[in-house]
Amino acid sequence: EDGIRDRDVTGRRVLFRSLRLKDASIRFKLNVLTNSATVIALLVAGVVVIVNDLQMIRASKVEQLTSLATAIGHSSTAALEFMDQHTAKQLLESFESQKPVEHAFLVDEHRNFFASYPESARKVFSATNLQEGIQFSGDKFLDVTLPIKRAGEVVGFIQVRSNLDDLNAQFQRVSMILGGVLISSLFVSGLLSKWLQRAFTSPLMALVGTMRRVSADGNYALRVNVQ
């Protein structure tokens, strides 16, 4: 049993030494260096691209939803002034063509409910949620709440909520593309590392082999043939 245990410990030591980079072959080191540099460079570039792309998409989403809310709000001025809820509902139905829009509300200047899209959204209406401006609810929703003014006076507010499904889908597409680029680049870097190994390690290996022969035979007339 002691002999088996000693052989097991010896095998583990040999394996550990073989995994240490400083004891690895020059070819292995070149391979690790090339692939590591490729992975790091691609990861940094990928993170920069994803962050920049997401910021641009978010900004475009905010601009689009703000423009829609501003247009519908401006058209609803008369309906709010004359308490015409029927017209207000018809105006809010314009959001029906915008699939990401979850719901929209029109309220009067006192933040009292006036109209909604869809009509069933009235159940989730809450005046405390009418925070003027742009609000992101995590990675799920975007809320745009704007005042509706007439001759400089606030006559009401409009709030539009949109889901971020398209934004998340775009993020997934970009991530998949970058993942494909990373895998392809690793394949190319592997081929490149093999070429580098042949270009750099072959002369070194020839030199090492000659040095061993000189040390073993004592023949200092040997020369290294470098091609």
Side-chain angles (χ1 to χ4, degrees), residues 43-182:
L43 286 178
V44 172
V47 170
V48 172
V49 169
I50 290 177
V51 171
N52 182 67
D53 198 25
L54 285 178
Q55 288 179 344
M56 291 180 61
I57 296 173
R58 283 166 70 100
S60 176
K61 183 84 171 179
V62 170
E63 183 180 359
Q64 179 185 14
L65 200 61
T66 302
S67 299
L68 289 171
T70 301
I72 299 299
H74 180 74
S75 301
S76 304
T77 304
L80 286 166
E81 286 185 322
F82 294 102
M83 303 300 292
D84 187 354
Q85 290 183 311
H86 178 71
T87 300
K89 290 179 181 179
Q90 289 183 330
L91 290 170
L92 289 179
E93 288 176 357
S94 301
F95 288 113
E96 188 174 1
S97 60
Q98 304 295 324
K99 293 183 179 180
V101 173
E102 295 283 328
H103 61 245
F105 297 121
L106 277 174
V107 300
D108 61 20
E109 69 272 22
H110 303 297
R111 297 178 182 265
N112 296 318
F113 176 84
F114 190 73
S116 67
Y117 165 79
E119 191 172 353
S120 58
R122 181 172 184 174
K123 299 177 182 179
V124 299
F125 172 76
S126 175
T128 57
N129 293 331
L130 290 174
Q131 299 181 8
E132 186 176 340
I134 310 298
Q135 301 288 333
F136 279 95
S137 300
D139 60 348
K140 294 183 178 180
F141 299 108
L142 166 63
D143 292 330
V144 174
T145 306
L146 302 175
I148 301 173
K149 296 182 179 181
R150 174 82 171 183
E153 295 184 1
V154 176
V155 297
F157 294 88
I158 182 171
Q159 183 184 74
V160 184
R161 165 167 284 195
S162 173
N163 61 55
L164 299 178
D165 293 346
D166 52 345
L167 181 64
N168 295 328
Q170 179 69 12
F171 173 75
Q172 292 178 357
R173 285 194 295 269
V174 173
S175 299
M176 291 178 63
I177 292 173
L178 288 176
V181 172
L182 178 61

[X] versus [Y], closest heavy-atom pair with distance:
X: Phe157; Y: Glu109; answer: CE1-O, 4.1 Å
X: Gln159; Y: Asn129; answer: NE2-O, 3.1 Å
X: Val144; Y: Ala69; answer: CG1-CB, 4.3 Å
X: Tyr117; Y: Ala121; answer: O-CB, 4.0 Å
X: Thr77; Y: Arg150; answer: CG2-CD, 3.5 Å
X: Ile72; Y: Ser94; answer: CD1-CB, 3.8 Å

key: Under 3.5 Å side-chain donor-acceptor pair for Gln55 and Arg58   =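 On atom types as modelled, these side chains do not qualify, holding no pair under 3.5 Å.
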task = Examine distances only and state if a side-chain atom of Thr87 and a backbone atom of Asp84 form a donor-acceptor pair shorter than 3.5 Å.
result =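 Looks like no, no N/O pair under 3.5 Å.
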inquiry  = Does Glu132 have more than 12 heavy atoms from other residues, nucleotides or ligands lying within 6.0 Å of its CD?
reply    =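 Counting other residues, nucleotides and ligands, CD of Glu132 exceeds 12 neighbours.
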inquiry  = Check this for me: Arg111, atom CZ, are more than 12 non-hydrogen atoms of other residues, nucleotides or ligands nearer than 6.0 Å?
reply    =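 Counting neighbours around CZ of Arg111, more than 12 heavy atoms of other residues, nucleotides or ligands fall under 6.0 Å, so yes.
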message = Strictly by side chain to side chain donor-acceptor pair (under 3.5 Å), give each pair with a member in residues 96-106 just once, sequence neighbours left out.
response =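 Listed once each, the pairs are Glu102-Asn163.
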Do [X] and [Y] come within less than 4.5 Å of each other through their side chains, counting heavy atoms only?
X: Phe95; Y: Val160; answer: yes
X: Phe125; Y: Leu130; answer: yes
X: Ser116; Y: Lys89; answer: no
X: Lys61; Y: Pro100; answer: yes
X: Thr145; Y: Ile134; answer: no
X: Asp53; Y: Phe171; answer: no
X: Asn112; Y: Val107; answer: no

ask   = About how many Å separate CG of Leu92 and CG of Leu106, when rounded to the nearest 0.5 Å?
value =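 Separation between the atoms: 4.0 Å.
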NZ-OG distance between Lys140 and Ser162, expressed to the nearest 0.5 angstrom =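 Reported to 0.5 Å precision, the distance equals 15.0 Å.
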request  = Show your reasoning for whether side-chain contact (heavy atoms from CB on, under 4.5 Å) applies to Phe136 and Val62.
outcome  = CA-CA 10 Å; Phe136 279 95; Val62 170; 3.7 Å; yes
inquiry  = What verdict does the side-chain contact (heavy atoms from CB on, under 4.5 Å) test give for Phe105 and Val124, after you've listed the backbone C-alpha separation in whole Å, the side-chain angles of each residue and the deciding distance to 0.1 Å?
reply    = CA-CA 10 Å; Phe105 297 121; Val124 299; 4.0 Å; yes
request  = Run the numbers on Arg161 and Ser137 for side-chain contact (heavy atoms from CB on, under 4.5 Å), then give the verdict.
outcome  = CA-CA 10 Å; Arg161 165 167 284 195; Ser137 300; 3.8 Å; yes
task = Decide side-chain contact (heavy atoms from CB on, under 4.5 Å) for Ser76 and Ile158; before the verdict, give the C-alpha distance in whole Å, the side-chain angles of both, and the deciding distance to 0.1 Å.
result = CA-CA 9 Å; Ser76 304; Ile158 182 171; 5.7 Å; no
Side chain to side chain contact (heavy atoms under 4.5 Å, CB included) against Leu80, all qualifying residues, sequence neighbours excluded =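 For Leu80, the residues satisfying side chain to side chain contact (heavy atoms under 4.5 Å, CB included) (neighbours in sequence not counted) are Phe114, Ile148, Val155.
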